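For clarity, every value in this text was computed on a predicted model and none was experimentally measured.
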Amino acid sequence: TFLWWSVEPVEGEFDFRKSDAYVKQCRDAGMEVLGVLGYPSRWATIESSDAIKKTSDLAVRPERWAIRDLAAWKRYVYATVLRYKDQVQHWEIYNEVNFHPPAAAATYAGSTADYFELLKAAYAEAKRANPAAEIVLSGFSPFAERAMPTDLLAMGAADHCDIFAT
């Protein structure tokens, strides 16, 4: 519901109506919300190569492509976390992001290093918007690229998340 393509379909024009309704429904039911950040609009992506697109049926979708503009990513993260700072305290940066090359690019077409840059930026912007926010490192699938979680930890990901989901 907080997915980038949904809340900022046009660059600089945020539309939180779907997210607002979702959060209200969850809160009315007495539930906490884990917000997932990621999955950009086409305008914010680098189109994947044909070889990457052939790795998965999902890899052809623009929201699975790599992000072209870190400043736009930061703006999206900050605006989203700020809007829900009193309602959503936990934010996951993508989900099962290890579905990326060299495995099937079903979630994200960027590299582990690319994701690490997104994680660092998201952590900083989310904390700027809501210092109490807890950032969850992407959950990882056992059916995708398995080295990514340990590679991220070796890069220093523990300094840019509050919760490590495996």
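- Note that the CG atom of Leu82 and the CG atom of Asn130 stand 8.5 Å from one another [nearest 0.5 Å].
- When ring centroids are compared, Phe2 and Phe16 stay outside the 6.0 Å threshold.
- Rounding to the nearest 0.5 Å gives a distance of 10.5 Å between CZ of Arg42 and CD of Glu63.
- The side-chain hydrogen bond (donor to acceptor under 3.5 Å, both in side chains) search around Ser111 returns Asp114, not counting sequence neighbours.
- Ser19 has its side chain within reach of Tyr84: a pair of non-hydrogen atoms, C-beta onward, lies under 4.5 Å apart.
- Note: the hydrophobic cluster containing Ile67 does not contain Phe99 (ILVMFWY, side chain heavy atoms under 4.5 Å, direct or indirect links).
- Glu13 contributes atom CD, which lies 11.0 Å from atom OG of Ser41 (distance to the nearest 0.5 angstrom).
- Linking Ile, Leu, Val, Met, Phe, Trp and Tyr residues whenever their side-chain heavy atoms come within less than 4.5 Å places Leu118 and Leu3 in a single cluster.
- Of all non-hydrogen atoms in Leu34 and Glu92, the two that sit nearest each other are CD2-OE1, 3.7 Å.
- Note that CG of Asn95 is 10.0 Å distant from CZ of Phe140, once rounded to the nearest 0.5 Å.
- Hydrophobic clustering places Phe14 together with Val88 (ILVMFWY residues linked when any side-chain heavy atoms are closer than 4.5 Å, directly or through intermediates).
- Listed by first and then second residue, the salt bridge (Lys or Arg N to Asp or Glu O under 4.0 Å) pairs that reach into residues 139-155 come to none, sequence neighbours excluded.
- For Lys54, there are no side-chain hydrogen bond (donor to acceptor under 3.5 Å, both in side chains) partners two or more places apart in sequence or in a different chain.
- Listed for the Arg64 side chain is no donor-acceptor partner under 3.5 Å among the backbone atoms of Ser56.
- Every pair passing ring pair (Phe, Tyr, Trp, His ring centres under 6.0 Å) that includes a residue from residues 110-134 is listed here, sequence neighbours excluded: Phe116-His160.
- When each of Asp162, Leu37, Val136 is checked for a side-chain contact (heavy atoms from CB on, under 4.5 Å) with Trp91, only Leu37 meets the rule.
- Applying the ring pair (Phe, Tyr, Trp, His ring centres under 6.0 Å) test to every pair with at least one member in residues 48-72, sequence neighbours left out, gives no pairs at all.
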Could you go through Thr45 and Arg68, starting from their C-alpha distance and side-chain angles, then the distance that decides it, and tell me whether this counts as side chain to side chain contact (heavy atoms under 4.5 Å, CB included)? CA-CA 5 Å; Thr45 64; Arg68 71 169 165 80; 5.9 Å; no

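- For Asp57, the CG atom counts as loosely surrounded, since its 6.0 Å shell holds 12 or fewer non-hydrogen atoms of other residues, nucleotides or ligands.
- With Glu11 contributing its side chain and Trp43 its backbone, the two residues share no donor-acceptor pair below 3.5 Å.
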Can you give the donor-acceptor pairs under 3.5 Å from side chains of residues 21-33 to other protein atoms, not counting sequence neighbours?
unit_1, atom_1, unit_2, atom_2, d
Lys24, NZ, Asp28, OD2, 2.6
Arg27, NH1, Gln87, O, 3.3

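- Taking hydrophobic clusters as Ile, Leu, Val, Met, Phe, Trp and Tyr residues chained together by side-chain heavy-atom distances below 4.5 Å, Val60 does not share a cluster with Leu58.
- A donor-acceptor pair is defined here as one N or O able to donate and one able to accept, closer than 3.5 Å; such a pair exists between the side chain of Asn98 and the backbone of Ser141.
- For Ile93 against Trp73, the heavy-atom pair with the smallest separation is CG2-CZ2, 3.9 Å.
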Before giving the answer on side chain to side chain contact (heavy atoms under 4.5 Å, CB included), spell out for Ser6 and Lys18 the whole-Å C-alpha distance, their side-chain angles and the decisive distance to 0.1 Å. CA-CA 8 Å; Ser6 177; Lys18 289 179 187 174; 4.1 Å; yes

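- Tyr76 is connected to Leu70 through a chain of hydrophobic side-chain contacts under 4.5 Å among Ile, Leu, Val, Met, Phe, Trp and Tyr, so both are in one cluster.
- The only member of Trp5, Tyr94, Trp4 that meets ring-ring contact (aromatic ring centres under 6.0 Å, His included) when paired with Tyr39 is Tyr94.
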Could you walk me through whether Ile163 and Ile135 satisfy the side chain to side chain contact (heavy atoms under 4.5 Å, CB included) test, starting with their C-alpha distance in whole Å, then the side-chain angles of each, then the deciding distance to 0.1 Å, before giving a yes or no? CA-CA 6 Å; Ile163 300 168; Ile135 304 307; over 6 Å; no

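- In this structure a side-chain-to-backbone donor-acceptor pair under 3.5 Å is missing from Lys74 to Ala122.
- Between the side chain of Thr112 and the backbone N or O of Met148 there is no donor-acceptor pair closer than 3.5 Å.
- Distance alone, capped at 3.5 Å, is enough to place a donor-acceptor pair between the Gln89 side chain and the Lys85 backbone.
- Among all heavy-atom pairs drawn from Val97 and Thr107, the shortest one is CA-CG2, 3.9 Å.
- A salt bridge links Asp20 with Arg83; the closest basic N to acidic carboxylate O contact falls under 4.0 Å.
- Taking a cutoff of 4.0 Å between a charged side-chain nitrogen and a carboxylate oxygen, Arg75 and Glu8 qualify as a salt bridge.
- Here the closest non-hydrogen pair linking Val77 and Ala126 is CG1-N, 4.0 Å.
- One N or O on the side chain of Thr55 and one on the backbone of Ala105 form a donor-acceptor pair closer than 3.5 Å.
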